[in-house]
Amino acid sequence: MIKTSVLLALTAWIFTAPASPCSAQGAPKTSQSDQQKQESAQTQVSADSQQPVVQKRDWRYQLRPGDSFSLTFPFTPEFNQGAVVVQPDGYATLAGLGEMSVAGKTLPELRTLMQTSYSTIVSPQVITVELKDFEKPYFLVGGEVGHPGKFDLRSDTTVAEAVTIAGGFKDTSKHSQVLLFRRVSDEWMGVKKIDLKKMLSSGNLSEDLHLRAGDMVYVPKNALSKIKPFIPVSGVGVYANPY
């Protein structure tokens, strides 16, 4: 009798017990970490299958202290401003708005800012923004070149072209370690080492970097030029023709 009651209780527990995740779904669930690994692998595969995208070399001028721009309102000419000057702190005084930070903005960004800001006090209209006075783009070349100095950046210019504009390499130049300095922020400046010797000898300038406004190219001295002042030259003629 006891065996029969135990068997009935065991049978009732089997049929009333909750189904396990495997029996309810038919397959074990994938853990969150495994799923993230699979998604990461798929992303890596898709990224590897894509061809590299060529970066654009064009850049837009950013407003700086001392620059000036004009604003023209077609429907409300009383807000026209012929020369809004960017102050040394980067702010500009605008009619009806007061002071506003504009330094560091490109012309399209400034136009969008003016449209948004003035939409609260004037009727919707297309505001014309035009640069009046600004710092002309330039680059610097220093070190062991023929004519180091400051040059106007009038067109798309590479590091090799900049060295050529500055008079080319001198005999004391270290072609393999040309340095390109580029300002990242007010406190930081990045530097890139360029092997122009390898590029020029191979005839492949595909990795020649394109300059931006304010860049500085520096050509250091080679090892021979550093020790040349200490090489004795008084006895060269004697050793060349000892007899």
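- Contact check for L71 versus T128: no side-chain heavy atoms found under the 4.5 Å cut-off.
- In plain terms, the two heavy atoms of S176 and D195 that are nearest each other are CA-OD1, 3.2 Å.
- Not a single ring pair (Phe, Tyr, Trp, His ring centres under 6.0 Å) links F181 to another residue, sequence neighbours left out.
- For the salt bridge (charged side-chain N to carboxylate O under 4.0 Å, His left out) test, residues two or more places apart in sequence or in another chain that qualify with R64 are E135.
- Side chain of T157 to main chain of A162: no donor-acceptor pair is present (N/O by atom type, distance under 3.5 Å, no hydrogens or angles).
- What you find for L211 and L153 is that their closest heavy atoms are O-CD2, 4.3 Å.
- N204 places a side-chain N or O within donor-acceptor distance of the main-chain N or O of S206, the cut-off being under 3.5 Å.
- Note that the CZ atom of F79 and the OG1 atom of T72 stand 14.0 Å from one another [nearest 0.5 Å].
- Closest heavy-atom contact between S123 and F75: OG-CB, 4.3 Å.
- How far CZ of R111 is from CD of E130: 10.0 Å, rounded to the nearest 0.5 Å.
- S173 contributes a side-chain N or O that, together with a main-chain N or O of E144, makes up a donor-acceptor pair within less than 3.5 Å.
- Counting only heavy atoms from C-beta outward, the side chains of K192 and V159 never approach each other to under 4.5 Å.
- Considering every non-hydrogen atom in both I121 and G96, the closest pair reads CD1-O, 3.8 Å.
- The NZ atom of K170 sits 7.5 Å away from atom NZ of K221, with the distance rounded to the nearest 0.5 Å.
- Here side-chain hydrogen bond (donor to acceptor under 3.5 Å, both in side chains) pairs that include residues 74-86, with residues two or more places apart or in two chains, are T76-Q125, Q81-Y118.
- Using modelled atom types, one side-chain atom of N222 and one backbone atom of D171 make a donor-acceptor pair closer than 3.5 Å.
- Proximity of V126 to Q115: side-chain heavy atoms (C-beta onward) are separated by under 4.5 Å at one or more points.
- Remark: side-chain polar atoms of S117 are not paired, donor with acceptor, to backbone N or O of M114 under 3.5 angstrom.
- Considering only heavy atoms from C-beta on, I194 stays 4.5 Å or farther from V217 through its side chain.
- At least one side-chain heavy atom of L196 sits under 4.5 Å from a side-chain heavy atom of D208.
- When every heavy atom of S70 is checked against every heavy atom of K132, the shortest pair comes out as OG-CE, 3.5 Å.
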Inset, instruction - Report the C-alpha separation of K193 and V178 in whole Å, then their side-chain angles, then the decisive distance to 0.1 Å, and conclude whether the side chain to side chain contact (heavy atoms under 4.5 Å, CB included) test is met. - result: CA-CA 6 Å; K193 185 184 297 183; V178 177; over 6 Å; no
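- Connectivity analysis of hydrophobic side chains (ILVMFWY, heavy atoms under 4.5 Å, direct or indirect) links W188 to V184.
- Applying the side-chain hydrogen bond (donor to acceptor under 3.5 Å, both in side chains) test to pairs two or more places apart or on separate chains, those with a residue in residues 90-101 are Q87-T93.
- Applying the salt bridge (charged side-chain N to carboxylate O under 4.0 Å, His left out) test to D215 and every residue at least two apart in sequence or in another chain returns R182.
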Inset, instruction - Might you work through the side chain to side chain contact (heavy atoms under 4.5 Å, CB included) test for F169 and V219, ending with a clear yes or no? - result: CA-CA 8 Å; F169 290 112; V219 181; 3.7 Å; yes
